[in-house]
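Below you'll find the structure, written out as structure tokens, and then a few comments.
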Amino acid sequence: MNWTPMATILTPGKQGNASIAHVTVSLDASMFTALRPGEYVPEGTYAQLRVGRTLMMSDTSMERVTNFEVLRCSHGDVLIAGLGLGMILVPILAKPEVTKVLVLEKYQDVIDLVLPQLRAKLPPEHFAKLTVQCCDVLEWLPPKGLTWDTIYQETHR
């Protein structure tokens, strides 16, 4: 299972209240992050997603490590709370053992900014399994009788 650097897929831009930026971490800055336990960021270029002034996510190594287990275990029908940069969505869609993916994203601006870029760069067969719905997962009521094999919701610290 490989993580795709999202800065190679997503270009910087803005849609309404959502924005994507590329941030380059220098060797010096990377070495400085090594001083803080659990926060090491290797040298490189990363994508960041903001909604308003709030940093929603990036695709740093910490994000990859904390999401590895759900990626490894995902199969069948998958429910993902939050589109974000699509960092976890891209490898989940590539898994042959994943049959359907429903993403619930709170912000239409995030959908409008991220989803077209993912569709333009990734194989169309991956998107045949994908449905994205704009709603707040905390207010969403699933249709009666619908079940999932894998459910993923990022927790905010």
* **Thr131/Val103 under side-chain contact (heavy atoms from CB on, under 4.5 Å): CA gap, chis, key distance, verdict** => CA-CA 6 Å; Thr131 302; Val103 175; over 6 Å; no
* Asked: Do Leu85 and Leu118 belong to the same hydrophobic cluster, where Ile, Leu, Val, Met, Phe, Trp and Tyr are linked whenever their side-chain heavy atoms lie under 4.5 Å apart, directly or via other members?
  -> yes
* Asked: Taking atom OH of Tyr152 and atom CG of Asn67, what is their separation to the nearest 0.5 Å?
  -> 3.0 Å
* Tell me, do Met62 and Thr66 make a side-chain contact under 4.5 Å, heavy atoms counted? -> yes
* Asked: Phe127 and Leu122: side-chain contact (heavy atoms from CB on, under 4.5 Å), yes or no, with the steps?
  -> CA-CA 8 Å; Phe127 287 93; Leu122 299 173; 3.6 Å; yes
* Asked: Tyr46 and Ser61: which non-hydrogen atoms are nearest, and at how many Å?
  -> CE2-N, 4.5 Å
* Asked: Between the main-chain N or O of His75 and the side-chain N or O of Thr150, is there a donor-acceptor pair closer than 3.5 Å?
  -> yes
* Checking Arg64 side chain against Asp59 main chain: does a donor-acceptor pair fall under 3.5 Å? -> yes
* Minimum side-chain heavy-atom gap Val132-Leu115 below 4.5 Å -> yes
* Going from OG1 on Thr60 to CD on Gln48, what distance comes out if it is rounded to the nearest 0.5 angstrom? -> 9.0 Å
* Asked: Between atom CG of Asp149 and atom SG of Cys73, what is the distance when rounded to the nearest 0.5 Å?
  -> 12.0 Å
* To do: Ignoring hydrogens and angles, state whether a donor on the side chain of Thr11 or Gln117 is under 3.5 Å from an acceptor on the partner side chain.
  => yes
* Same cluster or not: are Val70 and Trp3 linked, directly or through other Ile, Leu, Val, Met, Phe, Trp or Tyr residues, by side-chain heavy atoms under 4.5 angstrom apart? -> yes
* Asked: NE2/His22 to CE/Met6 distance, rounded to the nearest 0.5 angstrom?
  -> 9.0 Å
* To do: Report yes or no: does Glu105 contribute a side-chain atom to a donor-acceptor pair with the main-chain N or O of Leu83 at less than 3.5 Å?
  => yes
* **Pairwise side-chain contact, Leu93 with Val90, heavy-atom cut-off 4.5 Å (strictly under)** => no
* Where do Cys135 and Leu104 come nearest, in terms of heavy atoms and distance? -> SG-CD2, 3.7 Å
* Asked: Are Ile20 and Ile111 connected in a single hydrophobic cluster, I mean Ile/Leu/Val/Met/Phe/Trp/Tyr linked by side-chain heavy atoms less than 4.5 Å apart?
  -> yes
* Of the non-hydrogen atoms in Trp140 and Trp148, which two are nearest, and what is the gap between them? -> CH2-CH2, 3.4 Å
* Close side-chain approach of Leu10 to Leu49, heavy-atom, < 4.5 Å -> no
* To do: Check whether any side-chain heavy atom of Met56 sits under 4.5 Å from a side-chain heavy atom of Tyr107, and report yes or no.
  => yes
* Asked: Please walk me through it: do Glu63 and Ser58 pass side-chain contact (heavy atoms from CB on, under 4.5 Å)?
  -> CA-CA 7 Å; Glu63 290 279 356; Ser58 63; 4.2 Å; yes
* Looking only at heavy atoms, which two atoms of Met87 and Met57 are closest? And how far apart? -> CB-CE, 4.0 Å
* Kindly say whether Leu146 contributes a backbone atom to a donor-acceptor pair with the side chain of Lys144 at under 3.5 angstrom? => no
* Non-hydrogen atoms of Val78 and Ile80 that approach each other most closely -> CG1-CG1, 3.8 Å
* To do: Indicate yes or no for a side-chain donor-acceptor contact from Ser74 to the backbone of Ile92 under 3.5 Å, with no hydrogens or angles considered.
  => no
* Of all the heavy-atom pairs spanning Gln15 and Asp109, show the shortest one and how long it is. => O-CB, 3.2 Å
* Side chain Lys121, main chain Ile9, donor-acceptor under 3.5 Å -> yes
* Just wondering, do Leu113 and Lys14 contact through their side chains at under 4.5 Å, heavy atoms? -> no
* To do: Report the C-alpha separation of Val23 and Thr45 in whole Å, then their side-chain angles, then the decisive distance to 0.1 Å, and conclude whether the side-chain contact (heavy atoms from CB on, under 4.5 Å) test is met.
  => CA-CA 6 Å; Val23 176; Thr45 300; over 6 Å; no
* **salt bridge (charged side-chain N to carboxylate O under 4.0 Å, His left out) contacts in which one or both residues fall within residues 75-91, not counting sequence neighbours** => Asp77-Lys100
* Gap separating the CG atom of Asn17 from the CZ atom of Arg50, nearest 0.5 angstrom -> 12.0 Å
* Asked: Between CD of Gln133 and CD of Gln108, what distance do you get to the nearest 0.5 Å?
  -> 11.0 Å
